Amino acid sequence: MAPLLESHRPAREFPARRYRDLLRACDLFPATGQAFDPAVVDQLDAALHRFAHPDGGFGINGSSLDETLAAAEALRIIERPPARKGLIPFVRSCEDATLGFTGKPGTSLSYLEYLSSGVSLCARLDITPTYPDACRDSIRRCQQATGGFARAETGIATLENTFQALRALAHLGDGRYTP
């Protein structure tokens with residue numbers, strides 16, 4: 001008798017995992033001191049651009065600020081940065097007067113990772129967020145009694161979220177950060 005949870009279907013590759021693996025490869029390969037082979041750069045560029053959308057953003061299920069930042073950083077590392085003229089309108093479409101930034105255009109997804117990604121993209125593009133005070137307020141609301149930051153007003157502070165919050169606040173002029 002076969003085990004209860006055994007499947008006879010072939011394993012499917014999960015696209016989010018592949019996407020994030022590409023981003024990690026772009027980050028880690030230069031850290032080893034090795035140069036990218038031009039053919040590998042072409043493959044990485046093509047793979048990342050499969051997640052590009054007409055609105056100028058990047059993402060698996062439509063454009064999102066965090067995935068757009070990750071893709072833009074990976075493309076910058078392989079020296080094929082995306083066009084500013086596509087990124088700037090996408091970033092602007094995610095701005096919100098009350099929340100600072102939302103994760104996707106026309107939504108109210110305001111988690112710390114979206115705020116940090118929006119502010120970081122603005123810094124990379126050398127533009128100022130339209131609502132910097134809303135960004136600061138939203139980020140500060142994520143700070144917990146421990147001093148660290150959670151991804152939302154209520155939650156558990158983590159080192160990653162605290163890094164994202166401090167990086168965003170530094171980009172907003174509330175401290176130092178050197179990317």
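Small disclaimer: the values here were computed from a predicted structure and weren't measured. These numbers come from the heavy atoms of this one structure, side chains and all, not from hydrogens, waters or symmetry mates.
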- Query: So if you build clusters from Ile, Leu, Val, Met, Phe, Trp, Tyr with side-chain heavy-atom gaps below 4.5 Å, do L99 and L69 land together?
  - Reply: no

Tell me whether [X] contacts the main-chain N or O of [Y] through its side chain, where contact means a donor paired with an acceptor under 3.5 Å.
X    : Y    : value
S120 : S117 : no
T68  : G57  : no
R151 : N161 : no
E79  : I77  : no
Q143 : F149 : no
Q144 : G148 : no
T107 : K104 : yes

Taking all atoms of both residues into account, what is the closest heavy-atom pair of [X] and [Y], and its distance?
X    : Y    : value
D55  : F90  : O-CB, 3.3 Å
L75  : P82  : CB-CD, 3.8 Å
I156 : A150 : O-CB, 3.6 Å
V119 : H171 : CG1-CB, 3.5 Å
C122 : T128 : SG-C, 4.5 Å
Q164 : L112 : OE1-C, 4.2 Å

- Task: Can you sort out the partners of H49 under ring pair (Phe, Tyr, Trp, His ring centres under 6.0 Å), two or more places apart, ordered by chain and number?
- Result: F58

- Query: Does the side chain of E113 come within less than 4.5 Å of L65's, by heavy atoms?
  - Reply: no

- Residue pair T102 / D96, side-chain donor-acceptor N/O under 3.5 Å: no

- Going by atom types alone, do E67 and S64 pair a side-chain donor with an acceptor below 3.5 Å? yes

- Sorted by chain and number, sequence neighbours left out, side chain to side chain contact (heavy atoms under 4.5 Å, CB included) with E153 holds for R141

- With sequence neighbours left out, the residues meeting side chain to side chain contact (heavy atoms under 4.5 Å, CB included) with A134 are Y131

- Query: Between R80 and D42, is there a salt bridge with N-O shorter than 4.0 Å?
  - Reply: yes

- Answer yes when R124 and E73 have at least one side-chain N-carboxylate O distance shorter than 4.0 Å, and no when they do not. yes

- Item | Gap between atom OG of S116 and atom CZ of F101 - 0.5 Å precision | 10.5 Å

- Task: First locate atom CD1 of I88, then atom CG of L121, and finally report the distance between them rounded to the nearest 0.5 Å.
- Result: 10.5 Å

- Task: Return yes when atom CG of D37 has more than 12 non-hydrogen atoms of other residues, nucleotides or ligands closer than 6.0 Å, and no otherwise.
- Result: yes

- Message: As a quick check of understanding, evaluate side-chain contact (heavy atoms from CB on, under 4.5 Å) for R84 and L87, giving each step before the final call.
- Response: CA-CA 5 Å; R84 285 173 49 92; L87 284 178; 5.7 Å; no

